[in-house]
Amino acid sequence: MSINIIQDLNPNLPENRQFMPPKEGGNGNIHKPGAWQNIVWQTRSRVPESYEINLIAALEQRFEDGAETLAELVNGLNQQKNYDQQGEPWNEASFRAFLQVNGY
């Protein structure tokens, strides 16, 4: 009998805490349908940090408040003092770079 353990992340993915997107791809194999176990959260290489969870919650709130443009998102985050990981206010370029790397 096999027991499936639910994981919070996919340990087979490359680490993504770097500024540049990783050059590593997947494992390079095409798996036969039904012969490969899908892992819960298979697109996460690690459990999100509290900073990321707080940022996601703040973004959801900005959208609920009616933000529709990047400028509105950035301004809303900065007004709430929800700055980047270095503690600096967001600007459109820094927020785009963050999204490019983290794939949100």
Side-chain angles (χ1 to χ4, degrees):
M1 171 195 315
S2 68
I3 298 174
N4 290 333
I5 298 174
I6 296 176
Q7 297 180 339
D8 288 330
L9 55 94
N10 182 347
N12 301 314
L13 291 176
E15 180 60 49
N16 68 350
R17 290 188 206 183
Q18 49 202 7
F19 187 73
M20 297 300 296
K23 290 183 172 46
E24 307 92 11
N27 62 7
N29 295 319
I30 298 174
H31 303 288
K32 294 180 184 175
W36 188 258
Q37 179 183 3
N38 286 330
I39 301 173
V40 175
W41 306 112
Q42 59 186 308
T43 59
R44 284 195 326 203
S45 61
R46 61 183 171 78
V47 175
E49 297 174 8
S50 61
Y51 167 80
E52 294 166 305
I53 292 170
N54 291 337
L55 178 59
I56 291 166
L59 287 171
E60 289 175 349
Q61 186 61 53
R62 300 292 69 77
F63 286 121
E64 285 181 25
D65 292 343
E68 294 182 359
T69 67
L70 180 57
E72 291 171 335
L73 286 176
V74 167
N75 289 335
L77 291 172
N78 289 337
Q79 286 173 359
Q80 295 295 315
K81 298 189 182 342
N82 196 319
Y83 300 139
D84 68 15
Q85 284 183 294
Q86 290 74 42
E88 297 293 322
W90 293 104
N91 60 54
E92 290 185 31
S94 66
F95 197 76
R96 277 192 187 105
F98 175 82
L99 291 177
Q100 180 68 35
V101 171
N102 291 283
Y104 295 116

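Values in this document were obtained by computation on a predicted structure and should not be read as measured data.
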Is a side-chain donor or acceptor of Trp90 paired with a backbone partner of Gly76 at a separation under 3.5 angstrom? no
Could you walk me through whether Leu77 and Leu55 pass the side chain to side chain contact (heavy atoms under 4.5 Å, CB included) check? CA-CA 8 Å; Leu77 291 172; Leu55 178 59; 4.0 Å; yes
Set of side chain to side chain contact (heavy atoms under 4.5 Å, CB included) partners for Asn91, sequence neighbours left out: Ala93, Ser94
With sequence neighbours excluded, what pairs up with Ala57 under the side chain to side chain contact (heavy atoms under 4.5 Å, CB included) test? none
Are Tyr83 and Leu73 linked, directly or through other ILVMFWY residues, by side chains that come within less than 4.5 angstrom of each other? no
Shared ILVMFWY cluster between Leu59 and Ile53, side chains joined below 4.5 angstrom? no
For the pair Ile56 and Tyr51, evaluate side chain to side chain contact (heavy atoms under 4.5 Å, CB included) and give the outcome as yes or no after the intermediate values. CA-CA 9 Å; Ile56 291 166; Tyr51 167 80; over 6 Å; no
I'd like to check the salt bridge (charged side-chain N to carboxylate O under 4.0 Å, His left out) partners of Glu72; sequence neighbours left out, ordered by chain and number. none
Compare all side-chain heavy atoms of Leu70 with those of Phe95 and state whether any distance is below 4.5 angstrom. yes
With distance as the sole criterion, is a donor-acceptor pair present between the side chains of Gln61 and Asp65 under 3.5 Å? yes
